[in-house]
Amino acid sequence: MEYRVLGKTGLKVSRMGFGGIPIQRTTAEETKKLIRYLKERGVNYIDTARGYTVSESYLGEALEGIRSHFILATKSMSRTREAMEKDIAISLSNLRTDYIDLYQIHNATPKDMETVTAPGGALEALLEAKAAGKIRHIGITAHSPETFRLALELPWVETIMFPYNIVETQAEALIRACKEKNIGFIAMKPLAGGAIEDPTLALRFLCADENVTVVIPGMAEVKEAEQNLAAVEEQSPLKTEELQKMEEIRRSLGTHFCRRCNYCAPCSAGIFIPAMFLMEGYLSRYGLEDWAKMRYNGMEKTASDCIGCGSCESRCPYNLPIREMLKTVAEKFGK
């Protein structure tokens, strides 16, 4: 296993980490087997979140007795000081640890960041927890390039997590800037939420990029970990046939795959369009129906609120039939 320094945190992390979303569909016992297998293979980075239902709890149980072997990262959607204090305390309890290596502000929009950094915002709780030794480093996760750009200029941001894969390459310049600013870059959605069906090729693509510090494919079973590790540990240069296959994937997904670039915004009806397709991916490809529906139903505006104006389609650089795609999302979620 190759290890990289996670930016200004100074932490040495395995090139491949563990993404904790899929263990929501397995059991605590199977999670324990998976974590012990990853430990044996040299994987030392674990990513989870307060919002991933049982994920923190399953991992806390699995890490009993071996906590020191891992760099543990979690995240919260809380935006205020009070709410973030509560979430940090819950994370520590769920994960059965007295410190968390990296605590991240989860999926913040630029507007959210105004709340986070204002007096009484979540940043106050994070900085206090860091001073108290409850957390050791602070990062941000995002799905919008606007948040990514903002995070690059914030001195307290030590890591940034963003979707990056064969088809979602809109943030390549921002990812390079991470390395220039010594900010650790964590690549999430390496398989584009399951849309890319060749995990080996997907991980080979990411590990060929020197600007990626760690990639975190989601895994629920040992056999998935075995396949992912084989791809990551194969360090030969990308072959011509692999590059050709990547272009084929881009062409085939280009007609119906949202890259979360957010050029479609602003929506006339106030829908956060990329989030609609993200939730549909969790529902259809991740097998996380209950969780996806809970998150979707909690959104202020959903796909059914589309008024069919077509403004989004005129701005989409990939010429996606967004209105028809939103109809499909609404049908799958029933609203």
Side-chain angles (χ1 to χ4, degrees), residues 1 3 6 11 13-77 87-104 106-107 135-136 139 141 161 186-191 193-194 199 202-203 214-233 281-295:
M1 177 59 65
Y3 297 85
L6 188 62
L11 298 169
V13 299
S14 48
R15 194 76 162 102
M16 186 188 88
F18 167 76
I21 291 180
I23 58 172
Q24 295 175 90
R25 65 171 187 258
T26 185
T27 65
E29 192 56 38
E30 289 302 311
T31 300
K32 192 177 295 185
K33 292 177 185 176
L34 176 57
I35 294 302
R36 276 161 173 69
Y37 174 76
L38 293 173
K39 174 181 173 290
E40 291 170 5
R41 295 295 301 272
V43 174
N44 75 346
Y45 186 86
I46 291 177
D47 172 83
T48 182
R50 286 290 310 112
Y52 299 167
T53 62
V54 297
S55 182
E56 282 187 341
S57 298
Y58 281 5
L59 286 168
E61 186 175 338
L63 290 167
E64 287 275 31
I66 57 172
R67 164 69 180 93
S68 62
H69 292 273
F70 291 93
I71 291 164
L72 193 53
T74 192
K75 44 196 177 291
S76 166
M77 291 288 293
D87 269 354
I88 292 170
I90 293 170
S91 291
L92 288 166
S93 176
N94 284 345
L95 293 165
R96 305 186 188 189
T97 184
D98 57 2
Y99 73 97
I100 292 165
D101 296 282
L102 176 64
Y103 213 98
Q104 299 155 107
H106 193 178
N107 195 20
I135 66 175
R136 296 189 171 174
T141 81
M161 181 193 295
I186 304 160
M188 66 167 158
K189 303 291 185 293
L191 275 66
L203 292 174
V214 56
V215 55
I216 51 169
M219 294 171 273
E221 302 173 5
V222 169
K223 66 179 181 181
E224 293 173 341
E226 290 173 342
Q227 185 177 33
N228 291 338
L229 282 162
V232 171
E233 291 171 354
Y282 286 133
L283 178 76
S284 303
R285 297 190 291 269
Y286 268 75
L288 296 170
E289 182 176 354
D290 291 343
W291 182 66
K293 286 183 175 179
M294 178 184 70
R295 292 189 66 187

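Throughout, residue positions are numbered sequentially from 1 according to the sequence presented. Note that the structure is predicted; figures quoted are calculated from it, not measured.
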### Task
Under the side-chain hydrogen bond (donor to acceptor under 3.5 Å, both in side chains) rule, collect the residues that match up with Asn228, sequence neighbours excluded.
none
Could you pull out all residues at least two apart from [X] that satisfy side-chain contact (heavy atoms from CB on, under 4.5 Å)?
{"X": "Pro190", "result": "Leu203, Leu206, Val215, Pro217"}
{"X": "Thr97", "result": "Arg67, Leu72, Leu92, Leu95, Tyr99, Ile100"}
{"X": "Thr27", "result": "Glu29, Glu30"}
{"X": "Ala230", "result": "none"}

Tell me the closest heavy-atom pair linking [X] and [Y], and the distance in Å.
{"X": "Ala292", "Y": "Tyr282", "value": "CB-CB, 3.9 Å"}
{"X": "Ala220", "Y": "Arg25", "value": "CB-NH2, 4.1 Å"}
{"X": "Ser55", "Y": "Gly20", "value": "OG-O, 2.9 Å"}
{"X": "Glu61", "Y": "Ala28", "value": "OE1-CB, 3.7 Å"}
{"X": "Ala225", "Y": "Met219", "value": "CA-SD, 3.5 Å"}
{"X": "Tyr103", "Y": "Ser91", "value": "OH-OG, 2.9 Å"}

### Task
I would like to know whether His106 and Thr74 meet side-chain contact (heavy atoms from CB on, under 4.5 Å); could you show each step before the answer?
CA-CA 9 Å; His106 193 178; Thr74 192; over 6 Å; no
Min side-chain heavy-atom separation [X]-[Y] under 4.5 Å:
{"X": "Leu63", "Y": "Ile46", "value": "yes"}
{"X": "Ile186", "Y": "Gln104", "value": "yes"}
{"X": "Leu59", "Y": "Ile23", "value": "yes"}
{"X": "Phe18", "Y": "Ile216", "value": "no"}
{"X": "Asp290", "Y": "Met294", "value": "no"}

### Task
Take Leu288 and Tyr52, measure what side-chain contact (heavy atoms from CB on, under 4.5 Å) needs, and give me the verdict at the end.
CA-CA 10 Å; Leu288 296 170; Tyr52 299 167; over 6 Å; no
### Task
Let me see the working for Leu229 and Met16 under side-chain contact (heavy atoms from CB on, under 4.5 Å), right down to the final yes or no.
CA-CA 8 Å; Leu229 282 162; Met16 186 188 88; 3.7 Å; yes
### Query
Do side-chain atoms of Gln24 reach the backbone of Ile21 as a donor and acceptor pair under 3.5 angstrom?
yes
### Query
Is there a donor-acceptor pair under 3.5 Å between the side chain of Arg50 and the backbone N or O of Ser76?
no
### Task
Would you please test Leu34 and Tyr58 for side-chain contact (heavy atoms from CB on, under 4.5 Å) and show each step?
CA-CA 11 Å; Leu34 176 57; Tyr58 281 5; over 6 Å; no
Can I get a per-line list of side-chain donor-acceptor pairs under 3.5 Å for residues 35-44, giving both atom names and the distance, sequence neighbours left out?
unit_1, atom_1, unit_2, atom_2, d
Arg36, NH1, Ala62, O, 2.7
Arg36, NH2, Glu64, O, 3.4
Tyr37, OH, Arg41, NH1, 2.5
Arg41, NH2, Glu233, OE1, 3.0
Arg41, NH2, Glu233, OE2, 3.3
Asn44, OD1, Ser14, N, 2.7
Asn44, OD1, Ser14, OG, 3.1
Asn44, ND2, Lys12, O, 2.9

### Message
Lys75 and side-chain hydrogen bond (donor to acceptor under 3.5 Å, both in side chains): which single residue from Thr48, Asp87, Asp47 fits?
### Response
Asp47
